[in-house]
There are 2 protein chains.
Amino acid sequence: MALRHAVLAALLDGELSGYELTKAFDIGVANFWHALPQQLYAELARLEKEGLIAGREVVQDSRPNKRLFHVTEDGVGELERFAAAVGKPSFIRDDLLVAVQAADVVDAGELIARLGERAAFADAKIELFERLLARMRGDRGEEEFLGRGRRVGPYLTCLRGLAFEEGNRDWCRRAAEVLRRRARVAEER
Amino acid sequence: MALRHAVLAALLDGELSGYELTKAFDIGVANFWHALPQQLYAELARLEKEGLIAGREVVQDSRPNKRLFHVTEDGVGELERFAAAVGKPSFIRDDLLVAVQAADVVDAGELIARLGERAAFADAKIELFERLLARMRGDRGEEEFLGRGRRVGPYLTCLRGLAFEEGNRDWCRRAAEVLRRRARVAEER
DNA sequence: ATTGATTAGTCAGATTCTTGAGTATCATGG
DNA sequence: CCATGATACTCAAGAATCTGACTAATCAAT
């Protein structure tokens, strides 16, 4: 049941609409959790019913109206309990890794192509995370921001997201290089 | 539907029983996918019914009998198709990251404790992965093994697992250090 | 003038994953 | 002699997640 806590944690940044939340949890951004809009709207409804968040209607004239949510005191309490409980370690679950595990029987060309695509995707996320980090720390240096900044939680999770994608990129490049080298050697014979 | 392909990929290593599979997919080992025994036995049954794997009964006298499975030609074909299809990028989903996202409102001491536990867990996995890698490459150097070894798929995924856990460990240490530093500064005031 | 993108959501259904319990045998240690 | 742990699996139920479709308005571009 971490989705509810992920939503609570995201709402600490300030009031957000369901739609804004969906962008934060989008596959292209999510630096600490991922979820689809349908899940998020359902979770927002549950959280509001339980009093962990509260919403207020905002009437807009040039766009559809929206509801902005914020975490209540009870919601913060729930987060406290969550943070104090032991969580299970995260594990890897990745289609591309499955394909590479089967590298010795599948077409190397296809695999190399997938690895290239993933590396490019990782590059894009790396750039995105770097921009996010720069925006969060403003004109301060990283050490100064982490020492004295107001909200370091999102910064820290963004750092993990960045390192994760750097790991993805480096590994994809390495794996592709290994497979290319082996393909060349196989051809020579 | 990557679990089925993960099972197929795992069975490329040689004949395995359901029980042996469960150990490979265990939270403590899984370097390319994770799943519980219940899922694996169910998936094995489905795969056998569809003819992608085949099993043979092995009678043992000092232990319960078991069934060893291997991938059929159709199974390899299925893996080929899977590897050629684009997969969605993997994303992060981690309780501990959620907790750190909320770092600015939850108890820092608890969070630091969780980060320490996770770093220790990562350390254990790092050691495990390093042993696995050493065993796979035998007396050859890494470059030589990757260039000429028979089965490099599992080696490559294990490398990713290793890098992932190193990333976890480093980030946990860094985040804990930042939180400790901030706690000290807060106390001094 | 209409197509496509963005904002702001909702509904139903299927699949996947997790929780929790249970069966049965054999080996090992105290 | 009994408890624990490893081997080898199974069943049921529920929670979480994903697929796919749908409404409805505004804005920018063709």
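Convention: sequence-line order gives letters A, B, ...; per-chain numbering from 1. FYI, side chains are in, hydrogens and waters are out, and symmetry mates aren't considered; it's all heavy atoms of this structure.
Checking C:dA27, D:dT17, C:dT16 against every side-chain atom of B:Met1, the shortest atom distance belongs to C:dT16. Here the side chain of B:Tyr41 is nearest to one of C:dT18, C:dT16, D:dA8, namely D:dA8. With C:dA8, D:dT17, C:dT16 as the choices, the nucleotide that has an atom nearest any side-chain atom of A:Gln60 turns out to be C:dA8.
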Step by step, would you call A:Asp94 with A:Arg118 a salt bridge (charged side-chain N to carboxylate O under 4.0 Å, His left out)? CA-CA 11 Å; A:Asp94 187 335; A:Arg118 179 66 68 88; 3.0 Å; yes
Working note: A:Glu78 + A:Glu50, criterion side-chain contact (heavy atoms from CB on, under 4.5 Å); need CA distance, chi angles, decisive distance, verdict. CA-CA 11 Å; A:Glu78 179 65 24; A:Glu50 292 172 35; over 6 Å; no
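Separating the CD1 atom of A:Ile92 from the P atom of C:dC17 is a distance of 16 Å, rounded to the nearest angstrom. Distance CD (A:Gln39) to P (C:dG13): 18 Å, rounded to an integer number of Å. The CD-P distance, from B:Glu15 to D:dA8, rounds to 14 Å in whole Å. The separation between B:Glu20 atom CD and D:dT7 atom P is 9 Å, rounded to whole Å. For the pair B:Glu57 CD and D:dC9 C1', the computed distance is 12 Å after rounding to whole Å. As rounded to whole Å, 22 Å separates atom P of C:dT23 from atom CZ of B:Arg63. One atom, NZ of B:Lys66, and another, P of C:dC26, lie 16 Å apart when rounded to the nearest Å. Atom CG in B:Asp95 sits about 12 Å away from atom P in D:dA16, given to the nearest Å.
Evaluation of atom-type donor-acceptor distances gives no pair under 3.5 Å for the side chain of A:Gln38 against the base of C:dG13.
Note on B:Trp171 and B:Leu179: same hydrophobic cluster, where clusters join Ile, Leu, Val, Met, Phe, Trp and Tyr whose side-chain heavy atoms are under 4.5 Å apart, directly or indirectly.
Side-chain N/O atoms of A:Arg4 include none lying less than 4.0 angstrom from OP1 or OP2 on D:dA15. Remark: B:Tyr19 is in phosphate contact with D:dT7, judged by side-chain N or O atoms under 4.0 Å from OP1 or OP2. Using a 4.0 Å cut-off, some side-chain N or O of B:Lys88 falls inside it from OP1 or OP2 of D:dT19.
Looking at heavy-atom distances under 4.0 Å, A:Ser17 makes contact with sugar-phosphate atoms alone, never a base. Looking at heavy-atom distances under 4.0 Å, A:Phe69 makes no contact with the nucleic acid at all. The residue A:Phe25 sits apart from the nucleic acid: no heavy atom pair falls under 4.0 Å.
Place B:Leu68 and A:Leu3 on DNA chain D by their nearest nucleotides, and B:Leu68 ends up nearer the 5' end. Both B:Phe91 and B:Pro37 sit near DNA chain D, but only B:Pro37 has its closest nucleotide nearer the 5' end.
A salt bridge is defined here as a Lys NZ or Arg NE, NH1 or NH2 lying under 4.0 Å from an Asp or Glu carboxylate O, and B:Glu15 with B:Arg56 meets this definition.
Ring centroid separation for the pair B:His5 and B:Phe82 comes in under the 6.0 Å cut-off.
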